[in-house]
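In what follows, a single structure is set out as structure tokens and then discussed.
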Amino acid sequence: MGAKRSLGRSFGWLWAAYAVSTFGTSLAFDAFALIAVLVLHAGPAQVSALAAVGPAVGAVLAVPLGPWVEFRRKRPVMIAMDLVRCGLLLSIPAAYLLGRLGFVQLLVVSMVIAAADITFNAAAGACLKALVGPPDLIVANGRFEATQWTSTVLGLPLGGAAAGLFGPVTTVLADAVSYLLSAAGIRAIGGGEPRPVRDGAPPTARAAGLLEGWRHILAHPVLRPLFLNSVLVNGLIMATAPLAAVLMLGPLGFPPWQYALAFAVPCLGGLLGSRLAGPLVARFGQHRVLRTAGTLRACWLIGLAFVHPGVSGLLLVMAVEFAMIVCIGVFNPLLAAHRLDLTAPDRVARTLSAWSATGKLTTAALTALWGLLAALTGTRTAMALAGALILTTPFLLPRRPAGPASASPEPARAPAAEAGPPHK
């Protein structure tokens, strides 16, 4: 359904930009950790700090950028964030060649890139809402979801091979080039983009605009449960990832290539799920499919606590991951489309910034907490606790459907009355 439907030239360029940057990110997956270990000889504490502190601080840095993005043209913001990420990533191979690369540089780059990621995604969501009408949002987000999983399936093994042959710094260079190509793709969209209406609110009201995204989410009867469900499910899944690595690569004795295979092949399920999302909605309705997929995606994580050595253990991990990722592949584009549909155009950037920042902070906190639980109770026990807790998350899903943003119980305020950023 989605593959045969044309959404126009402008969306095509946006999709192409997304595809090339996503593939570059997949190529450079875990490159910072590899550089820290293989090049800088960092210890476990430093690698853990790089994985948790960088994204968490980046999320905090991104919070004030939401209101700044809201009342500016979105495509120039997206291009600027691509160029910022490109320049920061290029600083790593440059410092490496000069013999000046250090852990502090990796940490600072990871922080700023995390903030740029959130800012870019907030602007991209608003851009997509402007380019694609509400009936096509599911199709558009389904294509993005399919592209993400395809990039993961192809990029992870290729990136691993490139890192092994040429070093992890090479994959960072490839990622930097992908952001440059992404910026060129966004520039090629062309056409006019209307300047958002700026307000004349006093400084105190502008400061209050920092919280507008959270106010909108938490006041909305449908977005609130979706938000709580999303950040908790994603956080718990990500919190078990390092525990699975410790268990499989340590006591269970899986070689690295089998470990990579166990988590790369199931990503094909995301491609399948994203292709199924549109037809399922056409047959059963968006709300019903959203609730069903959201419930089913919570049922599989506990299976990872029962992984055991050998081929059967490897197949167990692959089956659990495949089933979970199929459900995620259906759920994610529906969530993304529903979130845009329920958010007025004059608050999309702040809503997406608040959502993304909260997700990153929650994931960082849960990852640290589950690391502590694993140290106190054992790796399997901690993974089982995460699997049991995630089974409760379907109760957070909204029970009733809601209309679009125009039908929201809290009407969108006029731009002149809404908190916004200072004038340039």
Side-chain angles (χ1 to χ4, degrees), residues 17-37 39-40 42 46-66 68-69 74 76-96 100-125 148 151-152 155-156 159 162-163 168-186 234 238 241 349 352-364 367:
Y18 176 83
V20 70
S21 64
T22 302
F23 184 69
T25 300
S26 296
L27 282 175
F29 181 75
D30 266 355
F32 280 21
L34 290 174
I35 292 172
V37 173
V39 178
L40 303 179
Q46 287 179 304
V47 176
S48 297
L50 190 60
V53 175
V57 174
V60 173
L61 293 175
V63 170
L65 295 177
W68 179 81
V69 171
K74 304 306 182 288
V77 171
M78 294 162 67
I79 292 171
M81 293 302 105
D82 271 340
L83 295 179
V84 165
R85 290 182 289 186
C86 175
L88 287 169
L89 290 174
L90 286 177
S91 74
I92 292 175
Y96 174 74
R100 303 295 297 272
L101 183 62
F103 179 78
V104 172
Q105 181 180 353
L106 284 182
L107 189 60
V108 171
V109 169
S110 72
M111 292 175 184
V112 181
I113 283 184
D117 286 344
I118 294 173
T119 304
F120 178 93
N121 290 336
Q148 177 184 329
S151 297
T152 301
L156 260 60
V169 175
T170 306
T171 62
V172 172
L173 179 61
D175 195 17
V177 173
S178 77
Y179 286 123
L180 190 61
L181 294 174
S182 172
I186 295 167
N234 292 340
M238 295 305 297
L352 296 184
S353 291
W355 197 298
S356 184
T358 305
K360 286 184 179 292
L361 290 170
T362 302
T363 295
T367 300

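Remark: side-chain polar atoms of Thr22 are not paired, donor with acceptor, to backbone N or O of Ala19 under 3.5 angstrom.
At least one side-chain heavy atom of Val172 sits less than 4.5 Å from a side-chain heavy atom of Pro93. With a 4.5 Å cut-off on side-chain heavy atoms, Leu173 and Leu89 do not count as touching. Annotation: side chain of Phe120 is not in contact with side chain of Val84 (no heavy-atom distance under 4.5 Å).
With sequence neighbours excluded, no residue forms a salt bridge (charged side-chain N to carboxylate O under 4.0 Å, His left out) with Asp175. Here Phe29 pairs with Leu156 under the side-chain contact (heavy atoms from CB on, under 4.5 Å) rule; sequence neighbours left out. Residues passing the side-chain hydrogen bond (donor to acceptor under 3.5 Å, both in side chains) test with Thr358, sequence neighbours excluded: Trp214. The side-chain contact (heavy atoms from CB on, under 4.5 Å) check on Val109 picks up Phe32, Leu88, Ser91, Ile92, Gln105, Ile113, with sequence neighbours excluded. Shown here are the side-chain contact (heavy atoms from CB on, under 4.5 Å) partners of Ala56, two or more places apart in sequence or in another chain: Leu361, Ala364. In this structure Asp117 satisfies the side-chain hydrogen bond (donor to acceptor under 3.5 Å, both in side chains) test together with Arg85, sequence neighbours excluded.
Gly125 and Leu352 make their closest contact through CA-CD1, 3.5 Å (heavy atoms, listed as atom of the first residue, atom of the second, distance). Between Ile35 and Val169, the shortest heavy-atom distance links the atoms CD1-CG2, 4.0 Å. Taking all atoms of both residues into account, the shortest heavy-atom contact from Ala123 to Met78 is CB-CG, 3.6 Å. Residues Thr171 and Gly159 share a closest heavy-atom pair of CG2-O, 3.6 Å.
Between Ser182 and Asp82, the side chains place a donor N or O and an acceptor N or O closer than 3.5 Å (distance only, hydrogens not considered).
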